[in-house]
Amino acid sequence: MKIISIIFFLTSGLLLSQNEVSRDFKKIPEILDNPELLHPFIIPDSRYEYWSVLRNNPDPDLAVIYESQMPQYMTLNDPAPEKGFFRKCLGEDCFSYLMACENGRSIYFSTEQRLRDFIGSVDNLPEAVLIANTYGFSVDATNRLGSSYKIDDRYISLYVSKTKSCPLTRESFLIKINRKNGKPDFKSNGIYFTSEDCIAE
């Protein structure tokens with residue numbers, strides 16, 4: 001019995017010691033918890049005549065999430081791709097994709113990896129959060145363990161969250177993103193929230 005108590009004490013102490021955010025990290029602004037609001041901050045490495053982020057909606061007016069300045073002479077009538085990034089469901093309005101125009105032709109970016117390729121080097125905090133989103137992480141504005149950042153010349157470091165259901169669990173991760181090539185390193189910072197209920201979605 002004493003051995004079990006000692007093991008429990010040591011493991012709980014280890015978990016509690018992980019659930020901390022370094023003091024030199026700032027809180028991620030709450031507006032950055034929505035991936036659709038991050039696209040205007042993308043600064044692509046390549047030069048494109050035009051680019052836009054769309055959702056798979058047949059209504060052209062409802063499909064546009066963001067678009068750069070579109071030249072007046074350009075008309076784009078390409079059909080939506082069959083897959084995209086940030087898939088939420090099956091059917092319409094379930095995923096996003098990016099379309100760019102280069103040398104008069106359309107190029108699609110319709111996977112998380114292709115979105116990372118489009119972003120290229122990481123110029124700012126919204127781009128870093130968007131890259132984290134492509135790996136399944138999100139900003140939890142209610143807790144610093146899921147919503148903190150630090151920027152230096154070589155890296156943008158984020159404390160973000162990964163959520164699992166049944167029961168609802170939120171785990172903190174420290175992601176260190178290389179600003180030059182966008183490559184991330186992940187490290188778990190421990191579970192910081194678990195609900196008592198298990199509600200199947």
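What you see is a predicted model; the values in this text were computed from it and never measured.
- Applying the 6.0 Å contact sphere to NZ of Lys164 captures no more than 12 heavy atoms from other residues, nucleotides or ligands.
- Between Arg144 and Ser22 the shortest heavy-atom distance is NH2-O, 4.0 Å.
- A salt bridge is defined here as a Lys NZ or Arg NE, NH1 or NH2 lying under 4.0 Å from an Asp or Glu carboxylate O, and Glu92 with Arg55 fails to meet this definition.
- Side-chain contact check for Pro35 versus Phe86: some heavy-atom pair is nearer than 4.5 Å.
- Within the 4.5 Å cutoff, side-chain heavy atoms of Val21 are placed close to those of Leu145.
- Minimum interatomic distance between Ala100 and Phe118 (heavy atoms only, all atoms of both residues): CB-CE1, 4.2 Å.
- Residues Arg87 and Glu82 approach most closely at NH2-O, 3.7 Å, considering heavy atoms.
- When side chains are defined from C-beta on, Ile42 does not count as touching Tyr66, because their heavy atoms never get closer than 4.5 Å.
- Linking ILVMFWY residues whenever their side-chain heavy atoms come closer than 4.5 Å, directly or via other members, places Ile119 and Ile151 in the same cluster.
- Nearest approach of Ser96 to Val53, heavy atoms of both residues: CB-CG1, 4.5 Å.
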Test log, rule side-chain contact (heavy atoms from CB on, under 4.5 Å), inputs Thr169 and Phe193
CA-CA 6 Å; Thr169 304; Phe193 174 81; over 6 Å; no
Please evaluate residues Phe25 and Ser157 with respect to the criterion side-chain contact (heavy atoms from CB on, under 4.5 Å), reporting the C-alpha separation (whole Å), side-chain torsions for both, the decisive distance (0.1 Å), and the verdict.
CA-CA 9 Å; Phe25 278 70; Ser157 301; 3.8 Å; yes
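- Without hydrogens or angle criteria, Ser46 side chain to Pro44 main chain gives no donor-acceptor distance under 3.5 Å.
- By the 4.0 Å N-to-carboxylate-O rule, Lys176 lies too far from Asp185 to be salt-bridged with it.
- One distance of note links CG of Asn143 with OG of Ser148; it measures 8.0 Å at 0.5 Å rounding.
- For the pair Phe173/Asn189, no side-chain contact is recorded, criterion being any heavy-atom separation below 4.5 Å from C-beta on.
- By the 6.0 Å contact criterion, CG on Leu62 is enclosed, its count of non-hydrogen atoms from other residues, nucleotides or ligands being greater than 12.
- In this structure, Arg179 and Asp153 approach most closely via the heavy-atom pair CD-O, 3.7 Å.
- Residues Ile175 and Phe137 form a side-chain contact, since some pair of their non-hydrogen atoms from C-beta on lies under 4.5 Å apart.
- Annotation: side chain of Leu158 is in contact with side chain of Ile28 (closest heavy-atom distance under 4.5 Å).
- The distance from the OG1 atom of Thr111 to the CZ atom of Phe95 is 12.0 Å, given to the nearest 0.5 Å.
- In this structure, a donor-acceptor pair under 3.5 Å is absent between the side chains of Tyr135 and Glu112.
- Side-chain contact of Ser188 with Glu171: a donor-acceptor pair under 3.5 Å is present, judged by distance alone.
- Pairing each heavy atom of Ala141 with each of Lys27, the nearest pair is O-NZ, 3.0 Å.
- In this structure, Leu98 CG and Tyr108 OH are separated by 10.5 Å, a value rounded to the nearest 0.5 Å.
- Asp24 places no side-chain N or O within donor-acceptor distance of the main-chain N or O of Lys150, the cut-off being under 3.5 Å.
- In this structure, Asn133 CG and Glu36 CD are separated by 11.0 Å, a value rounded to the nearest 0.5 Å.
- A donor-acceptor pair under 3.5 Å is absent between the side-chain atoms of Asp33 and the main chain of Val139, judged by distance alone.
- In this model, a donor atom of one side chain and an acceptor atom of the other lie less than 3.5 Å apart for Ser52 and Tyr50.
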I'd like to know whether Leu38 forms a side-chain contact (heavy atoms from CB on, under 4.5 Å) with Leu32, so could you lay out the CA-CA distance, the side-chain angles of the two residues, the decisive distance to 0.1 Å, and finally the verdict.
CA-CA 7 Å; Leu38 303 175; Leu32 300 185; 3.4 Å; yes
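- Between Trp51 and Phe109, the ring centre distance reaches or exceeds 6.0 Å.
- Rounded to the nearest 0.5 angstrom, Ser172 OG and Ile191 CD1 are separated by 10.5 Å.
- Geometric assessment of Arg114 against the ring of Tyr97 yields a negative cation-pi assignment under the 6.0 Å and 45° thresholds.
- Although no hydrogens or angles enter the test, the distance criterion places a donor-acceptor pair under 3.5 Å between the side chain of Asn56 and the main chain of Gly91.
- A cation-pi contact, defined as under 6.0 Å to the ring centre and within 45° of the axis, is absent between Arg170 and Tyr192.
- Glu49 places a side-chain N or O within 3.5 Å of a backbone atom of Gly104 that can act as its donor or acceptor partner.
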Take Ser121 and Lys180 through the test side-chain contact (heavy atoms from CB on, under 4.5 Å) and record every step on the way to the result.
CA-CA 5 Å; Ser121 59; Lys180 187 175 181 180; 5.7 Å; no
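- The structure places OG of Ser147 at 13.0 Å from OH of Tyr159, a figure rounded to the nearest 0.5 Å.
- Contact of the Ile65 side chain with the His39 side chain is registered, since non-hydrogen atoms from C-beta on lie closer than 4.5 Å.
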Check: residues 124-131 side-chain donor-acceptor pairs under 3.5 Å, at least two apart:
from: Asn124; atom 1: OD1; to: Glu127; atom 2: N; distance (Å): 2.8
from: Asn124; atom 1: ND2; to: Phe41; atom 2: O; distance (Å): 2.9
from: Glu127; atom 1: OE1; to: Asp123; atom 2: N; distance (Å): 2.6
from: Glu127; atom 1: OE2; to: Ile43; atom 2: N; distance (Å): 2.7

